[in-house]
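The structure under discussion appears below in the form of structure tokens.
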Number of protein chains: 2
Amino acid sequence: MEDHQEGRCENCIIRQLNSLKALSKEELKLISDTKVTKSIKKGDVIFEEGEKLNGVFCVRNGVSKLSKMSDNGKDQIVKIATKGEVLGQRSVIAEEKTNLSAVALNDMEVCYISKNHLTDNISNNVAFTKAILVQMAEDLKFADDVIVNMAQKSVKQRIAETLRYLEKNFKTDEEGYIAMTLSREDIANVVGAAKEACIRTLTSFKKEGWIITDGKRIKIEDDKALYRLIEGF
Amino acid sequence: MEDHQEGRCENCIIRQLNSLKALSKEELKLISDTKVTKSIKKGDVIFEEGEKLNGVFCVRNGVSKLSKMSDNGKDQIVKIATKGEVLGQRSVIAEEKTNLSAVALNDMEVCYISKNHLTDNISNNVAFTKAILVQMAEDLKFADDVIVNMAQKSVKQRIAETLRYLEKNFKTDEEGYIAMTLSREDIANVVGAAKEACIRTLTSFKKEGWIITDGKRIKIEDDKALYRLIEGF
DNA sequence: CGAAAACTTGACGTTGGTCAACGTATGTGG
DNA sequence: CCACATACGTTGACCAACGTCAAGTTTTCG
């Protein structure tokens, strides 16, 4: 007995959050028998751009950044993935090398599920395939929004948007600070700006009383003000 | 007999280009019986952002731009779709209102395929679903690249990249001009810049001898120079 | 405790957005 | 077929936003 009960896919609550919920108890058992649970330390690389993935990583705990290196040598963070998200899905489906790197933002627990066992299920279970399809359709819509924001909005607006996004999606600690350890440089890499521009914007937000900072921690004080900024006034 | 032979899906060569190729002759016949072929004039709207789509549009001929309105009132062109591409796929799959508008860039011929007949096939035919999945995985990868370009590259670099993209994907006329009627404003909306910035960049490219313009037509003269610019030198 | 990493601020130059004026196609109705 | 209207293209002047370099401070971590 290598895994205790909550280590089995069929009992893992995470699957409620992603396409694995479309699998039957029996199919989950098959997957669980071959999956490997890994602990990943903050800062560790889960996989790197250009790597050939032979499986996907189901995030059970923690947060990771998915980024891509630009020709000019700068990292662009394309997505922040958390509990319930499946990393590497896209490249396994397209049977291509991955186009993104994944790095842990804090200590993580992920389950590695080998490609073979997935493709077996893909070719048999329509509900599963369709669940993935719907999720990718959502991802695609989200990507469209990001493209528009990058193309049309100012750095200030993009940072405001990112802060609101982080607060909504990663909740806050007891004191109301965003529970997310993104460095200032990481935030800059999310919005596609220079680290200094990002810092300056944050200090200006602070001056306006829109946010409060404590070290690297950030708390949103005036959400409406940020929203007005994003909308253009 | 409302349609002549080449009007039938099962005989349409376009299907070789998209996920319809995963359907059997019988399934195609079913679809063909219900599809409607439409002629669309240059500038006409195929569908508009926020509309509820009850089917998809298979492009048989011509080119269309897919764009999204930003909060600041500017249009962002997210994709240029041509022969063989299926419009509206994403929102039909996610069962959401469409997040993009589609406008014809020249006269087009598209086949409208009702949602019901597609979902019937989605729930039955795994190969078909998987074909769509693979295609959406490709779209997603492409979107990631666009995000990185928008975030990290200059307007000059993005315009150079767009010109090269257009030349590669839409071929050229007898004289070597890009066979694509994008206005200067359209190009600006692709790269997310002001119309004037776009024009100035194009005239600077012309001065450098990298491109030749004749009215609104554009021909690439020095592809390597554009490539060097994109790479950062 | 000390080194390395992250953060902060200032100065300065460039890029690119905005407004405004004007030239040039495109097309429509008289 | 012309006159006019309407879109599209082009250029200049000006200024705000942003990137870069450089120097100094604080935090983190072994």
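Chain identifiers are assigned alphabetically (A, B, ...) following the order of the sequence lines, protein sequences preceding nucleic acid strands; residue numbering begins at 1 within each chain. Here the structure is a predicted model, which is why all the values come from computation and not from measurement.
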>> Return whichever of B/A194 or A/L182 has its heavy-atom-nearest nucleotide of DNA chain C closer to the 5' end.
In response: A/L182
> Taking only residues two or more places apart in sequence, or in another chain, which ones meet A/D71 in a side-chain hydrogen bond (donor to acceptor under 3.5 Å, both in side chains)?
Replying inline: B/K153
Would you mind reading off the distance between [X] atom [atom1] and [N] atom [atom2], rounded to a whole angstrom?
X: B/R200; N: C/dC19; atom1: CZ; atom2: P; value: 14 Å
X: A/K41; N: D/dT28; atom1: NZ; atom2: C1'; value: 17 Å
X: A/K74; N: D/dG19; atom1: NZ; atom2: P; value: 7 Å
X: A/E196; N: C/dG10; atom1: CD; atom2: P; value: 13 Å
X: A/Q152; N: D/dC18; atom1: CD; atom2: P; value: 14 Å
X: B/K195; N: D/dG12; atom1: NZ; atom2: P; value: 16 Å
X: A/I199; N: D/dA17; atom1: CD1; atom2: P; value: 19 Å
X: A/N189; N: C/dA6; atom1: CG; atom2: C1'; value: 14 Å

> If only atom types and distance count, is the side chain of A/Q152 paired as donor or acceptor with the main-chain N or O of B/D75 below 3.5 Å?
Replying inline: yes
> Looking only at atom types and distance, does a side-chain atom of B/N106 sit under 3.5 Å from a main-chain N or O of B/K42, one as donor and one as acceptor?
Replying inline: no
>> Quick check with a 6.0 Å cut-off and a 45 degree axis cone: is B/K38 positioned over the face of B/F57's six-membered ring?
In response: no
> What are the residues of residues 202-225 of chain A, sorted by number, that bring a heavy atom to within less than 4.0 Å of DNA chain C?
Replying inline: A/T203, A/K216
> Between residues 153-162 of chain A and DNA chain D, which residues have a heavy-atom gap below 4.0 Å?
Replying inline: A/S154, A/V155
> Taking OP1 and OP2 of C/dT8, is either one under 4.0 Å from a side-chain nitrogen or oxygen of A/R184?
Replying inline: yes
> What orientation do B/F170 and B/Y165 show, parallel under 30°, tilted 30 to 60°, or perpendicular over 60°?
Replying inline: perpendicular
